[in-house]
Student: 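Just dropping this structure here.
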Amino acid sequence: MDREWTDEQNLLRRTLRDYVAKNVTPNVLDWEAAGEVPRSLFADLAELGVLGLRLSPEYGGGGQDFWFTAVLIDELMRCGSIGVPVAVMAHAEFATMLIDRYGGPGLRETYVRGAAEGRLIGSLGVSEPDAGSDVSALRTRAVRDGGDYVINGSKLYISNGTIADYITLAVRTGEPGAHGVSMIVVPADSPGLRRRRLKKLGTHASDTAELFFEDCRVPAANLLGAENQGFGMIMSGFEGERLVLSVMACSLARLMFEEARNWGQQRRAFGRKLLGFQVWQHRLADVLTRIEAAEALTLRGIDRYLAGRPAQSEISMAKLFATETARMAASECAQIFGGLGYMEECLMGRLHRDALAMTIGAGSSEIMRGLIARANDLVAS
Ligand SMILES: Cc1cc2nc3c(=O)[nH]c(=O)nc-3n(C[C@H](O)[C@H](O)[C@H](O)COP(=O)(O)OP(=O)(O)OC[C@H]3O[C@@H](n4cnc5c(N)ncnc54)[C@H](O)[C@@H]3O)c2cc1C
């Protein structure tokens with residue numbers, strides 16, 4: 001993305017580029033086959049000082065702003081497997097930022113420090129079989145019993161679900177609707193928690209799970225903030241999550257564009273390079289134009305978010321446009337590869353199927369359009 005990066009951010013980029021080229025890219029096919037990234041990835045990133053970039057320094061984090069996270073995502077994406085940045089972001093951003101922001105000192109000492117040091121892996125559990133886009137409909141219930149909460153219910157599509165050591169879990173503690181939701185940290189070895197890995201179409205290096213809670217006991221001290229305040233926490237976390245997805249989508253789209261351009265410069269048909277046909281020059285020009293527009297919207301969303309200004313409209317536009325651009329780029333860029341673009345052996349083929357998930361997670365395109373409509377007076381009174 002085109003902006004004035006600081007010396008520190010450029011240094012981070014160089015460090016990560018070297019690490020990813022030597023230690024991630026050569027292994028991603030094995031990790032995709034295994035359906036998960038190894039724990040050593042988290043330990044290595046912690047060792048490099050880049051795992052908890054936005055977490056509080058007093059608990060081992062980097063205390064940096066979102067631009068550093070953007071560099072991390074962009075460089076991890078270069079490995080060619082979107083499951084890798086998804087696993088790292090689900091841990092460091094989605095699961096742990098909420099604990100850092102709303103947890104008491106004891107929880108932060110255990111989980112934020114453990115996360116930043118790469119000793120503990122986190123996941124965020126919000127979605128359920130009957131409550132995805134509509135978070136306020138979630139039903140997994142936590143009932144206070146002495147010094148514990150007893151949790152019953154289930155969660156679906158949880159990234160890092162089977163490899164996590166803790167789950168930052170959304171539960172119902174009060175009345176139906178948004179006002180009865182709380183957040184609690186559930187250690188993964190809690191009795192009464194079962195986990196099942198799901199098979200997905202893509203993002204194979206990121207493990208995704210269904211979680212079952214049957215009289216699962218968790219200390220009441222693991223509650224984040226006050227009871228029934230969880231919905232606002234989830235919504236505040238969504239801003240960062242949507243920017244993460246926006247950056248990821250821009251990086252993915254650019255990677256696919258570069259693959260397609262390289263292929264168009266070498267593959268020949270009817271005696272010419274494919275980029276000798278104007279149709280391909282124009283199709284890839286359209287892809288690049290959309291990528292640059294998506295990057296501009298994403299930069300604007302990050303700027304407003306970091307300035308502490310209301311940013312729901314800008315962030316929703318960035319997430320909507322960047323993820324739809326990734327899907328469009330996937331389709332266009334795979335097409336120029338012909339049959340090869342449909343093969344697992346081909347990087348473009350794998351990026352193509354990975355791109356499909358981007359318009360669903362952290363609020364679907366339809367939800368983004370609804371938020372943009374509400375923020376811009378487009379809803380009839
Ligand atoms: C790879 C992957 C990883 C994920 N990781 C996590 C995770 O770590 N933690 C977690 O909690 N969740 C996770 N999710 C779940 C994700 O957040 C949900 O899938 C998403 O919020 C959509 O919910 P749903 O699947 O239940 O779809 P639904 O909410 O049932 O929506 C189905 C369709 O209806 C549309 N729709 C819904 N409401 C409206 C409306 N008001 N107007 C118009 N259209 C509407 C949706 O856009 C969608 O197209 C993940 C999902 C995927 C695919």
Side-chain angles (χ1 to χ4, degrees), residues 32 35-37 81-99 115 121-140 153-172 178 181-186 188 195-213 230-231 233-235 237-242 244-245 248-249 252 316 319-320 323-324 326-327 350-351 353-374 378-379:
E32 291 210 338
E36 63 184 39
V37 294
S81 172
I82 201 173
V84 175
V86 167
V88 173
M89 288 298 115
H91 161 74
E93 285 279 329
F94 306 174
T96 315
M97 285 292 291
L98 289 180
I99 304 177
I121 299 173
S123 71
L124 175 67
V126 176
S127 305
E128 298 186 357
D130 294 317
S133 303
D134 184 4
V135 173
S136 69
L138 68 85
R139 291 208 297 233
T140 294
S154 67
K155 295 286 169 182
L156 196 57
Y157 313 130
I158 306 305
S159 302
N160 290 353
T162 64
I163 63 169
D165 300 298
Y166 61 93
I167 301 132
T168 309
L169 192 74
V171 289
R172 181 154 304 285
V181 174
S182 298
M183 296 300 294
I184 191 164
V185 183
V186 179
R195 314 190 264 183
R196 180 176 80 87
R197 183 168 290 177
L198 300 167
K199 275 189 121 172
K200 304 192 297 302
L201 286 182
T203 60
H204 292 312
S206 155
D207 113 75
T208 309
E210 185 166 16
L211 311 176
F212 305 93
F213 300 87
F231 192 77
M233 297 179 193
I234 298 168
M235 293 302 127
F238 267 148
E239 291 201 324
E241 289 174 36
R242 286 169 187 161
V244 163
L245 269 283
M248 221 180 264
L252 173 64
S316 303
K319 203 273 177 183
L320 171 66
T323 58
E324 295 280 343
R327 276 186 87 137
R350 299 195 299 275
L351 295 172
R353 44 92 162 136
D354 278 3
L356 298 177
M358 306 240 52
T359 55
I360 301 167
S364 65
S365 291
E366 291 70 30
I367 297 303
M368 293 306 102
R369 289 190 179 93
L371 291 171
I372 295 164
R374 276 207 290 286
L378 292 172
V379 181

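Counting starts at 1 for both ligands and their atoms, in listed order.
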Student: Can you sort out the partners of Arg197 under side chain to side chain contact (heavy atoms under 4.5 Å, CB included), two or more places apart, ordered by chain and number?
Tutor: Glu36, Thr162, Ile163, Asp207
Student: Please list, chain by chain and in numerical order, all residues satisfying ring pair (Phe, Tyr, Trp, His ring centres under 6.0 Å) with Phe94, sequence neighbours excluded.
Tutor: none
Student: Which residues pass the side chain to side chain contact (heavy atoms under 4.5 Å, CB included) test with Tyr157, not counting sequence neighbours?
Tutor: Leu198, Thr208
Student: Heavy-atom distance under 4.5 Å between the side chains of Lys155 and Phe213, does that happen here?
Tutor: yes
Student: Quick one: pull up CZ in Phe231 and OG in Ser182 and give me the separation to the nearest 0.5 Å.
Tutor: 13.0 Å
Student: Say whether Tyr166 and Ser123, considering side chains only, have a donor N or O and an acceptor N or O under 3.5 Å apart.
Tutor: no
Student: Anything under 3.5 Å between an N or O on ligand 1 and a protein N or O? List each pair with its distance, or write none.
Tutor:
{"residue": "ligand 1", "atom": "5 (N)", "partner": "Tyr157", "partner atom": "O", "Å": "2.9"}
{"residue": "ligand 1", "atom": "5 (N)", "partner": "Ser159", "partner atom": "OG", "Å": "2.8"}
{"residue": "ligand 1", "atom": "8 (O)", "partner": "Ser159", "partner atom": "N", "Å": "3.0"}
{"residue": "ligand 1", "atom": "8 (O)", "partner": "Ser159", "partner atom": "OG", "Å": "3.3"}
{"residue": "ligand 1", "atom": "9 (N)", "partner": "Leu124", "partner atom": "O", "Å": "2.8"}
{"residue": "ligand 1", "atom": "11 (O)", "partner": "Val126", "partner atom": "N", "Å": "2.9"}
{"residue": "ligand 1", "atom": "11 (O)", "partner": "Ser127", "partner atom": "N", "Å": "2.8"}
{"residue": "ligand 1", "atom": "11 (O)", "partner": "Ser127", "partner atom": "OG", "Å": "3.3"}
{"residue": "ligand 1", "atom": "12 (N)", "partner": "Ser127", "partner atom": "OG", "Å": "2.8"}
{"residue": "ligand 1", "atom": "14 (N)", "partner": "Tyr157", "partner atom": "O", "Å": "3.2"}
{"residue": "ligand 1", "atom": "17 (O)", "partner": "Ser127", "partner atom": "OG", "Å": "3.4"}
{"residue": "ligand 1", "atom": "23 (O)", "partner": "Ser133", "partner atom": "N", "Å": "3.3"}
{"residue": "ligand 1", "atom": "29 (O)", "partner": "Ser133", "partner atom": "N", "Å": "2.9"}
{"residue": "ligand 1", "atom": "29 (O)", "partner": "Ser133", "partner atom": "OG", "Å": "2.7"}
{"residue": "ligand 1", "atom": "47 (O)", "partner": "Ser364", "partner atom": "OG", "Å": "2.6"}
{"residue": "ligand 1", "atom": "47 (O)", "partner": "Glu366", "partner atom": "OE1", "Å": "2.6"}
{"residue": "ligand 1", "atom": "49 (O)", "partner": "Glu366", "partner atom": "OE1", "Å": "3.4"}

